[in-house]
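Here the structure comes first, spelled out in C-alpha coordinates, and everything after it is commentary.
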Amino acid sequence: MDNVEEILDKLEKQHPDARCELYHNTPFQLLVATVLSAQSTDKSVNKVTVGLFEEYPDLDSFITLEIGDIEDKIRKIGLYKNKSRSIYNICRVLKSDFDGMVPCGEKELMSLPGVGRKTASVVRAVAFGIPAFAVDTHVFRVTRRIGLTEAKTPDKVSDDLMKLIPEDRWILSHHLFIFHGRRICKAKNPLCAECMVFEECMKIGL
DNA sequence: AACTCGGGGCA
DNA sequence: TGCCCAGAGTT
(Lines give C-alpha, C1' and ligand atoms only; values in the text may rest on other atoms or scores of the structure.)
Protein backbone atom coordinates (compact mmCIF):
# COMPACT_ATOMS: atom_id res chain seq x y z
CA MET A 1 0.00 0.00 0.00
CA ASP A 2 1.97 2.97 -1.28
CA ASN A 3 -0.80 5.45 -2.16
CA VAL A 4 -2.07 6.06 1.36
CA GLU A 5 -1.33 9.78 1.20
CA GLU A 6 -3.24 10.01 -2.07
CA ILE A 7 -6.29 8.31 -0.54
CA LEU A 8 -6.21 10.55 2.53
CA ASP A 9 -5.96 13.63 0.30
CA LYS A 10 -9.03 12.55 -1.66
CA LEU A 11 -11.00 11.90 1.52
CA GLU A 12 -9.93 15.25 2.92
CA LYS A 13 -11.21 16.90 -0.23
CA GLN A 14 -14.52 15.02 0.07
CA HIS A 15 -14.94 15.89 3.77
CA PRO A 16 -13.39 19.33 4.35
CA ASP A 17 -15.36 19.72 7.59
CA ALA A 18 -14.17 16.48 9.19
CA ARG A 19 -13.11 17.07 12.77
CA CYS A 20 -13.69 15.87 16.30
CA GLU A 21 -17.08 17.14 17.40
CA LEU A 22 -17.02 15.76 20.93
CA TYR A 23 -17.17 18.54 23.51
CA HIS A 24 -14.58 18.31 26.29
CA ASN A 25 -11.92 20.30 28.11
CA THR A 26 -10.22 17.75 30.34
CA PRO A 27 -9.37 14.02 30.27
CA PHE A 28 -12.23 13.39 32.71
CA GLN A 29 -14.72 15.23 30.51
CA LEU A 30 -13.45 13.44 27.42
CA LEU A 31 -13.82 10.10 29.19
CA VAL A 32 -17.41 10.88 30.19
CA ALA A 33 -18.32 12.27 26.77
CA THR A 34 -16.80 9.28 24.99
CA VAL A 35 -18.62 6.77 27.19
CA LEU A 36 -21.85 8.62 26.44
CA SER A 37 -21.12 8.61 22.71
CA ALA A 38 -21.46 4.83 22.31
CA GLN A 39 -24.15 4.18 19.69
CA SER A 40 -25.07 7.86 19.73
CA THR A 41 -23.98 10.75 17.51
CA ASP A 42 -21.55 13.34 18.83
CA LYS A 43 -24.10 16.03 18.08
CA SER A 44 -26.71 14.54 20.40
CA VAL A 45 -24.07 13.88 23.07
CA ASN A 46 -22.88 17.48 22.93
CA LYS A 47 -26.43 18.70 23.42
CA VAL A 48 -26.25 17.06 26.85
CA THR A 49 -22.61 17.47 27.88
CA VAL A 50 -22.22 21.20 27.20
CA GLY A 51 -24.69 22.07 29.94
CA LEU A 52 -23.68 19.14 32.11
CA PHE A 53 -19.99 20.09 32.23
CA GLU A 54 -20.96 23.68 32.88
CA GLU A 55 -22.62 22.61 36.13
CA TYR A 56 -20.45 19.57 36.94
CA PRO A 57 -16.99 20.15 35.43
CA ASP A 58 -14.91 17.55 37.27
CA LEU A 59 -14.84 14.30 39.22
CA ASP A 60 -15.40 15.95 42.60
CA SER A 61 -18.67 17.46 41.43
CA PHE A 62 -19.76 14.41 39.42
CA ILE A 63 -19.32 12.09 42.38
CA THR A 64 -22.05 13.94 44.27
CA LEU A 65 -24.61 12.80 41.68
CA GLU A 66 -26.79 9.76 42.21
CA ILE A 67 -27.54 7.44 39.30
CA GLY A 68 -31.05 8.91 39.04
CA ASP A 69 -29.60 12.42 38.81
CA ILE A 70 -27.36 11.42 35.93
CA GLU A 71 -30.26 9.67 34.17
CA ASP A 72 -32.32 12.85 34.34
CA LYS A 73 -29.50 14.85 32.78
CA ILE A 74 -28.66 12.52 29.91
CA ARG A 75 -32.10 11.06 29.22
CA LYS A 76 -32.06 12.41 25.65
CA ILE A 77 -29.27 10.02 24.70
CA GLY A 78 -29.92 6.40 23.86
CA LEU A 79 -28.91 3.67 26.32
CA TYR A 80 -29.04 6.28 29.07
CA LYS A 81 -29.65 3.81 31.88
CA ASN A 82 -26.54 1.76 31.12
CA LYS A 83 -24.49 4.89 30.58
CA SER A 84 -25.66 6.54 33.80
CA ARG A 85 -24.67 3.48 35.81
CA SER A 86 -21.32 3.36 34.02
CA ILE A 87 -20.54 7.00 34.74
CA TYR A 88 -21.62 6.62 38.36
CA ASN A 89 -19.34 3.62 38.87
CA ILE A 90 -16.45 5.12 36.89
CA CYS A 91 -16.39 8.09 39.28
CA ARG A 92 -16.09 5.75 42.27
CA VAL A 93 -13.41 3.57 40.72
CA LEU A 94 -11.39 6.65 39.73
CA LYS A 95 -11.60 7.83 43.35
CA SER A 96 -10.73 4.52 45.00
CA ASP A 97 -8.27 2.96 42.54
CA PHE A 98 -6.71 5.82 40.57
CA ASP A 99 -6.33 8.64 43.08
CA GLY A 100 -9.07 10.61 41.33
CA MET A 101 -7.17 10.77 38.03
CA VAL A 102 -8.03 9.33 34.61
CA PRO A 103 -5.51 6.53 33.90
CA CYS A 104 -3.65 6.50 30.59
CA GLY A 105 -3.01 2.74 30.33
CA GLU A 106 -5.12 0.69 27.97
CA LYS A 107 -5.71 -2.09 30.49
CA GLU A 108 -6.58 0.37 33.26
CA LEU A 109 -9.01 2.29 31.04
CA MET A 110 -10.73 -0.85 29.79
CA SER A 111 -11.20 -2.04 33.37
CA LEU A 112 -13.59 0.88 33.86
CA PRO A 113 -17.30 0.09 33.40
CA GLY A 114 -18.60 1.21 30.00
CA VAL A 115 -15.10 1.61 28.59
CA GLY A 116 -14.15 -0.77 25.81
CA ARG A 117 -11.40 -0.92 23.21
CA LYS A 118 -12.68 2.01 21.14
CA THR A 119 -13.32 4.41 24.03
CA ALA A 120 -9.94 3.58 25.55
CA SER A 121 -8.21 4.36 22.25
CA VAL A 122 -9.94 7.73 21.94
CA VAL A 123 -9.04 8.78 25.47
CA ARG A 124 -5.43 7.65 25.06
CA ALA A 125 -4.99 9.42 21.75
CA VAL A 126 -6.89 12.64 22.33
CA ALA A 127 -6.38 13.23 26.05
CA PHE A 128 -2.85 11.88 26.48
CA GLY A 129 -1.37 11.96 22.98
CA ILE A 130 -0.41 8.30 23.27
CA PRO A 131 -0.03 6.51 19.93
CA ALA A 132 -3.35 4.73 19.38
CA PHE A 133 -5.68 4.48 16.42
CA ALA A 134 -9.29 4.11 17.51
CA VAL A 135 -11.15 1.60 15.35
CA ASP A 136 -14.93 1.71 15.46
CA THR A 137 -17.41 0.11 13.05
CA HIS A 138 -16.96 2.86 10.47
CA VAL A 139 -13.16 2.85 10.52
CA PHE A 140 -13.22 -0.95 10.35
CA ARG A 141 -15.57 -1.07 7.36
CA VAL A 142 -14.14 1.86 5.39
CA THR A 143 -10.45 1.05 5.71
CA ARG A 144 -11.05 -2.55 4.72
CA ARG A 145 -13.14 -1.54 1.68
CA ILE A 146 -10.55 1.00 0.58
CA GLY A 147 -7.92 -1.71 0.88
CA LEU A 148 -5.77 -0.09 3.55
CA THR A 149 -5.87 -3.35 5.49
CA GLU A 150 -7.01 -6.93 5.11
CA ALA A 151 -7.04 -7.59 8.85
CA LYS A 152 -10.16 -9.21 10.23
CA THR A 153 -10.16 -7.91 13.80
CA PRO A 154 -10.30 -4.30 15.04
CA ASP A 155 -7.03 -4.66 16.94
CA LYS A 156 -5.14 -5.84 13.87
CA VAL A 157 -6.76 -3.15 11.73
CA SER A 158 -5.53 -0.63 14.29
CA ASP A 159 -1.99 -2.03 14.07
CA ASP A 160 -1.99 -1.85 10.27
CA LEU A 161 -3.29 1.74 10.19
CA MET A 162 -0.63 2.86 12.67
CA LYS A 163 2.05 1.45 10.37
CA LEU A 164 0.51 2.89 7.19
CA ILE A 165 -0.44 6.38 8.32
CA PRO A 166 1.96 9.03 9.65
CA GLU A 167 1.31 9.60 13.35
CA ASP A 168 0.51 13.29 12.93
CA ARG A 169 -2.43 12.38 10.70
CA TRP A 170 -4.03 9.72 12.90
CA ILE A 171 -6.62 11.98 14.50
CA LEU A 172 -7.66 13.60 11.23
CA SER A 173 -7.75 10.40 9.22
CA HIS A 174 -9.75 8.74 11.99
CA HIS A 175 -12.45 11.37 11.53
CA LEU A 176 -12.17 11.22 7.75
CA PHE A 177 -12.95 7.49 7.85
CA ILE A 178 -15.90 8.05 10.20
CA PHE A 179 -17.34 10.88 8.10
CA HIS A 180 -16.89 8.82 4.95
CA GLY A 181 -18.55 5.85 6.63
CA ARG A 182 -21.58 7.83 7.71
CA ARG A 183 -22.10 9.93 4.60
CA ILE A 184 -20.84 7.86 1.68
CA CYS A 185 -19.43 4.44 2.53
CA LYS A 186 -22.46 3.34 4.54
CA ALA A 187 -22.79 -0.27 5.65
CA LYS A 188 -25.97 -0.65 3.60
CA ASN A 189 -26.70 1.20 0.37
CA PRO A 190 -23.41 3.10 0.13
CA LEU A 191 -23.35 6.11 -2.23
CA CYS A 192 -20.61 4.76 -4.49
CA ALA A 193 -21.46 7.20 -7.29
CA GLU A 194 -20.33 10.08 -5.06
CA CYS A 195 -17.27 8.32 -3.58
CA MET A 196 -13.93 9.91 -4.43
CA VAL A 197 -11.94 6.77 -3.61
CA PHE A 198 -14.15 4.35 -5.52
CA GLU A 199 -11.21 3.29 -7.69
CA GLU A 200 -9.43 1.86 -4.66
CA CYS A 201 -12.52 0.05 -3.32
CA MET A 202 -12.30 -3.69 -2.67
CA LYS A 203 -16.10 -3.81 -2.49
CA ILE A 204 -16.19 -5.78 0.76
CA GLY A 205 -19.74 -6.49 1.83
CA LEU A 206 -21.28 -4.80 -1.18
C1' DA B 1 -20.51 -15.12 17.38
C1' DA B 2 -24.90 -13.50 18.61
C1' DC B 3 -27.65 -11.10 21.28
C1' DT B 4 -29.37 -6.75 24.15
C1' DC B 5 -29.86 -2.05 25.35
C1' DG B 6 -32.82 2.73 23.69
C1' DG B 7 -33.96 7.59 22.45
C1' DG B 8 -32.84 10.46 18.28
C1' DG B 9 -32.23 11.20 13.63
C1' DC B 10 -33.75 10.60 9.30
C1' DA B 11 -36.48 8.85 5.21
C1' DT C 1 -44.03 4.84 11.39
C1' DG C 2 -40.01 2.12 10.91
C1' DC C 3 -35.22 1.54 10.50
C1' DC C 4 -30.58 2.41 11.87
C1' DC C 5 -26.81 3.92 14.96
C1' DA C 6 -19.28 7.84 16.40
C1' DG C 7 -20.17 0.14 21.43
C1' DA C 8 -19.87 -2.51 25.43
C1' DG C 9 -21.24 -6.31 28.30
C1' DT C 10 -23.08 -10.81 28.77
C1' DT C 11 -23.97 -15.58 27.41
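Residue numbers start from 1 in every chain, and the chains themselves are labelled A, B, ... in the order their sequence lines are given, proteins ahead of strands. Worth knowing before you read on, the calculation uses all heavy atoms, side chains too, and leaves out hydrogens, waters and symmetry mates.
- dC3(B) and dC4(C) have their P atoms separated by 15 Å, given to the nearest Å.
- Ring centroids of F28(A) and F62(A) are separated by less than 6.0 Å, placing the two rings close together.
- Heavy-atom nearest nucleotides on DNA chain B were determined for A38(A) and for T41(A), and the one closer to the 5' end corresponds to A38(A).
- Along DNA chain C, the nucleotide nearest to L22(A) and the one nearest to M110(A) differ in position, and the one closer to the 5' end is contacted by L22(A).
- Among dG7(C), dC5(C), dG6(B), the nucleotide with an atom closest to any side-chain atom of R182(A) is dC5(C).
- Listed nucleotides dG7(B), dG7(C), dC5(C) differ in distance to T119(A); the shortest reach to its side chain belongs to dG7(C).
- Rounded to whole Å, the distance from CZ on F179(A) to P on dC5(C) is 17 Å.
- Among the protein residues, L112(A) comes within range of the sugar-phosphate backbone only, with heavy atoms under 4.0 Å from sugar or phosphate atoms but none that close to a base.
- Side chain of L79(A), nearest nucleotide from dC4(C), dG6(B), dG8(B): dG6(B).
- Annotation: cation-pi pair K118(A)/F140(A) absent, no NZ/CZ under 6.0 Å from the ring centroid and within 45° of its normal.
- F179(A) does not carry R182(A) over the face of its six-membered ring by the limits of under 6.0 Å from the centre and within 45° of the normal.
- Between K43(A) and dG9(B) there is no side-chain polar atom (N or O) within less than 4.0 angstrom of OP1 or OP2.
- Among the heavy atoms of the strands lying under 4.0 Å from S37(A) are primed sugar atoms or P, OP1, OP2 only; no base atom is included.
- The backbone N or O of K13(A) sits nowhere less than 3.5 Å from a side-chain atom of H15(A) that would complete a donor-acceptor pair.
- Distances were taken from every side-chain heavy atom of K118(A) (C-beta onward) to each of dG7(C), dC5(C), dG9(B); the shortest belongs to dG7(C).
- Separating the CZ atom of R75(A) from the C1' atom of dC5(B) is a distance of 15 Å, rounded to the nearest angstrom.
- Under 4.0 angstrom from either OP1 or OP2 of dC5(C) there lies no side-chain N or O belonging to Q39(A).
- Each of G114(A) and K186(A) was assigned the nucleotide of DNA chain C with the nearest heavy atom; the assignment lying further toward the 5' end belongs to K186(A).
- Checking dG9(B), dG7(C), dG6(B) against every side-chain atom of T137(A), the shortest atom distance belongs to dG7(C).
- Side-chain proximity of N82(A) to dC5(C), dG7(B), dC5(B): nearest is dC5(B).
- Of the candidates dG9(B), dA8(C), dG6(B), dG6(B) carries the atom nearest the K81(A) side chain, counting heavy atoms from C-beta on.
- Side chains of K95(A) and D60(A) form a contact here, defined as non-hydrogen atoms less than 4.5 Å apart.
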